Amino acid sequence: MSVTADLFQVLNERGMVAQSTDEAISERLAKPCVGYIGFDPTADSLHVGSLVPIMGLAWMQRCGHRPLVVVGGATALIGDPSGKSEMRKMLSRDDVAANAAAIGDQIGRVVRFGDDATGAALLNNADWLADRSWIDFLREVGPHFSVNRMLTMDSVKGRMEASGISFLEFNYMVMQAYDFLHLQRSHGCTLQMGGQDQWGNIVMGIELGRRIAEVSLAGLTMPLVTKADGGKFGKSEAGNIWLSADRTPVYQFYQFWRNVADADVGRFLSFFTFLEMDQVNQLASAEGRAINESKEVLAFEITKLVHGEAAAQQAQADAQKAFSASADVTGDSIPHAAIAASELEAGIGILALLVRAELAKSNSEARRLVQGGGVRIHDARIDDPTHTVTTAALQDGYLLLRAGKKRLYRFDLEA
RNA sequence: GGGCAGGUACCGAAGUGGCCAAACGGGGCAGACUGUAAAUCUGCUGGCUUUCGCCUUCGAUGGUUCGAAUCCAUCCCUGCCCA
């Protein structure tokens, strides 16, 4: 069996290659191979930043290779110092195990798991690292690492310049390097991909493989996603955008992509969708307000990928209705909750209602929002913080609270 | 173990006895303008309170004082240098 498309070519064309180990990586990838990407289970959900490596896995699969998803159950107990100025808090083993399972599920929405030639496999490095003897491990891999060399790695240097690096974290790269070697032995894995910040860790693995097993391994990193305006990618008013619908409701997830800057449309389409590049370029070249339609495609495609087609359609339909002239906000994906008739009859303070709708974190924040003119009930602006909401504010059996132009929350009258 | 320098709000960073809920910058939120965009301009940005005021915050704990982020003691943590 041969590969169906050149992985390197595909990724490169999409701007998804930051660095690769050698010029010949393209030839190496002409034959089906096994590759892996690691994910740190530091939370029970990945966020949108992880979509880049997830897409890397998916493209691997589509190009005829076998992707391995390695959840860092062991390495998460250590904490990757790369790209961080401070040490992370340590997680308990139970937390890590639960997180690992949840993350596997999320990746499974985009990548097909299976036992066949291109079926992905989910592995946890705790399985081969957690119970290793410290002495045995040191004796096996220790001699092959030069501390001098390790000190030159960016991840270490960065930390030394900032707040210092503990011995705990210093070991992270050793463990990750060992992962690569282990996967080569157990699964014939010869490729590791990852975010750009993983370059050092990947290179250490390749060197370890050459030194201990005399195998030739390859590495490829994908670019860090940035925003055209230089801001942090993956953040919004509500904080991180997560892949879990529990943490980031689908409507919000959709809106996140719907609201990207014009200049980011093309790049995001090529990174986060499977659309052909011809189509991507065409969508990205739309000008003026026409590009809004491209953003709808972007938001729909990514939401479909992460939350499924039905949820994506729902979010899109609800968003379109909410922003149209008639402003229909009765869709299911619009954030909402029920409210008892008795509460409205008694009257509820606008501030309390804003907090309840999670449009403000505290009464003070809600007050500021009101005083700043950002709050509306249906279309009526509320600028009095002492305003009391009663049944009189109901329209068609619901109450619509708006904070700013885009954030909204609906209270349905409890039947 | 020794010496030195530090630990301030989301981040960076001023403040070194009362005028400090704490300058300034970034970030964030809101308003205006727009295309659910960018840029720009304006306001807000600890909590509770109907603008008075009260409470919590300047690594931690005690203390000095009418009064402390600011002074003292002890402790914890970080960086640099030495061993």
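So you know, we letter chains A, B, ... as the sequences are listed, proteins then strands, and number each from 1. Just so it is clear, the structure is predicted and the values come from calculations on it, not from any experiment.
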Could you tell me how far apart A:R402 (CZ) and B:A30 (P) are, to the nearest whole angstrom?
13 Å
In whole angstrom, give the distance that lies between atom CD of A:E365 and atom C1' of B:C48.
15 Å
Interatomic distance where CD1 belongs to A:I382 and C1' belongs to B:U50 [whole Å]:
16 Å
What's the gap between B:G17 and B:A22 when it is taken at their C1' atoms, as a whole Å value?
15 Å
With sugar-phosphate meaning primed atoms plus P, OP1 and OP2, does A:A319 contact a base, only sugar-phosphate, or nothing at under 4.0 Å between heavy atoms?
base
Just call it for A:N363: base, sugar-phosphate, or nothing, with non-hydrogen atoms closer than 4.0 Å on any strand.
sugar-phosphate
Please indicate whether A:D131 has more than 12 foreign heavy atoms, meaning atoms of other residues, nucleotides or ligands, lying under 6.0 Å from its CG.
no
Taking the C1' atom in each of B:G47 and B:U56, what is the distance between them to the nearest angstrom?
7 Å
Which part of the nucleic acid does A:R258 contact within heavy-atom distance under 4.0 Å: base, sugar-phosphate only, or nothing?
base
Would you say A:E140 has more than 12 foreign heavy atoms packed within less than 6.0 Å of its CD?
yes
What distance, rounded to whole Å, do you find between the two P atoms, one in B:A5 and one in B:C10?
29 Å
Base, sugar-phosphate alone, or nothing: which one does A:R381 contact when heavy atoms must sit under 4.0 Å apart?
sugar-phosphate
From B:A37, B:U34, B:U49, pick the nucleotide closest to the side chain of A:K405?
B:U34
Is there a Watson-Crick or G-U wobble partner for B:G79 with both distances under 3.5 Å, and which nucleotide is it?
B:C4
Quote, to the nearest angstrom, the C1' distance that separates B:U45 from B:U78.
29 Å
Any Lys/Arg nitrogen of A:R356 or A:E343 sitting under 4.0 Å from an Asp/Glu carboxylate oxygen of the other?
yes
Quick check on RNA chain B: between A:G374 and A:G288, whose nearest nucleotide comes earlier from the 5' end?
A:G374
Rounded to whole angstroms, how far apart are NZ on A:K361 and C1' on B:C10?
10 Å
Strictly by Watson-Crick or wobble contacts shorter than 3.5 Å, is anything paired with B:U34, and which nucleotide is it?
none
When you match A:A403 and A:A263 each to their closest nucleotide on RNA chain B, which lands nearer the 5' end?
A:A403
Please check the phosphate of B:G31 (OP1 and OP2 only) for any side-chain N or O of A:K406 closer than 4.0 Å.
no
For atom C1', what is the distance between B:A9 and B:C20, given to the nearest Å?
12 Å
Mind checking if A:Q371 touches a base, just sugar-phosphate, or nothing, with heavy atoms under 4.0 Å?
nothing
May I ask you to say whether A:D264 pairs ionically with A:R267, meaning some side-chain N is under 4.0 Å from a carboxylate O?
yes
Whole angstrom value for the distance that separates C1' of B:U78 from CG of A:L168
16 Å
For the pair A:F167 and A:F170, name the ring-plane relationship: parallel under 30°, tilted 30 to 60°, perpendicular over 60°.
tilted
Please report, rounded to the nearest Å, how far the C1' atom of B:U45 is from the CZ atom of A:R368.
6 Å
Using the P atom as the point on both nucleotides, what is the distance between B:U64 and B:U70, in whole Å?
15 Å
Within the pair A:R407 and B:U36, is there a side-chain N or O less than 4.0 Å away from OP1 or OP2?
no
Which whole-number value in Å describes the distance from A:E293 CD to B:U36 P?
12 Å
Taking the six-membered ring of A:F274, is the NZ or CZ of A:R62 close enough (under 6.0 Å from the centre) and on axis enough (within 45°)?
yes
The nucleotide from B:G47, B:A39, B:A37 with an atom nearest the side chain of A:S364 is B:G47
What interatomic distance, in whole Å, is found between C1' of B:A39 and the corresponding atom of B:C52?
42 Å
Span that lies between the P atom of B:G18 and that of B:A69, in whole angstrom:
10 Å
Take atom CG of A:N292 and atom C1' of B:A38, then tell me their distance rounded to the nearest Å.
12 Å
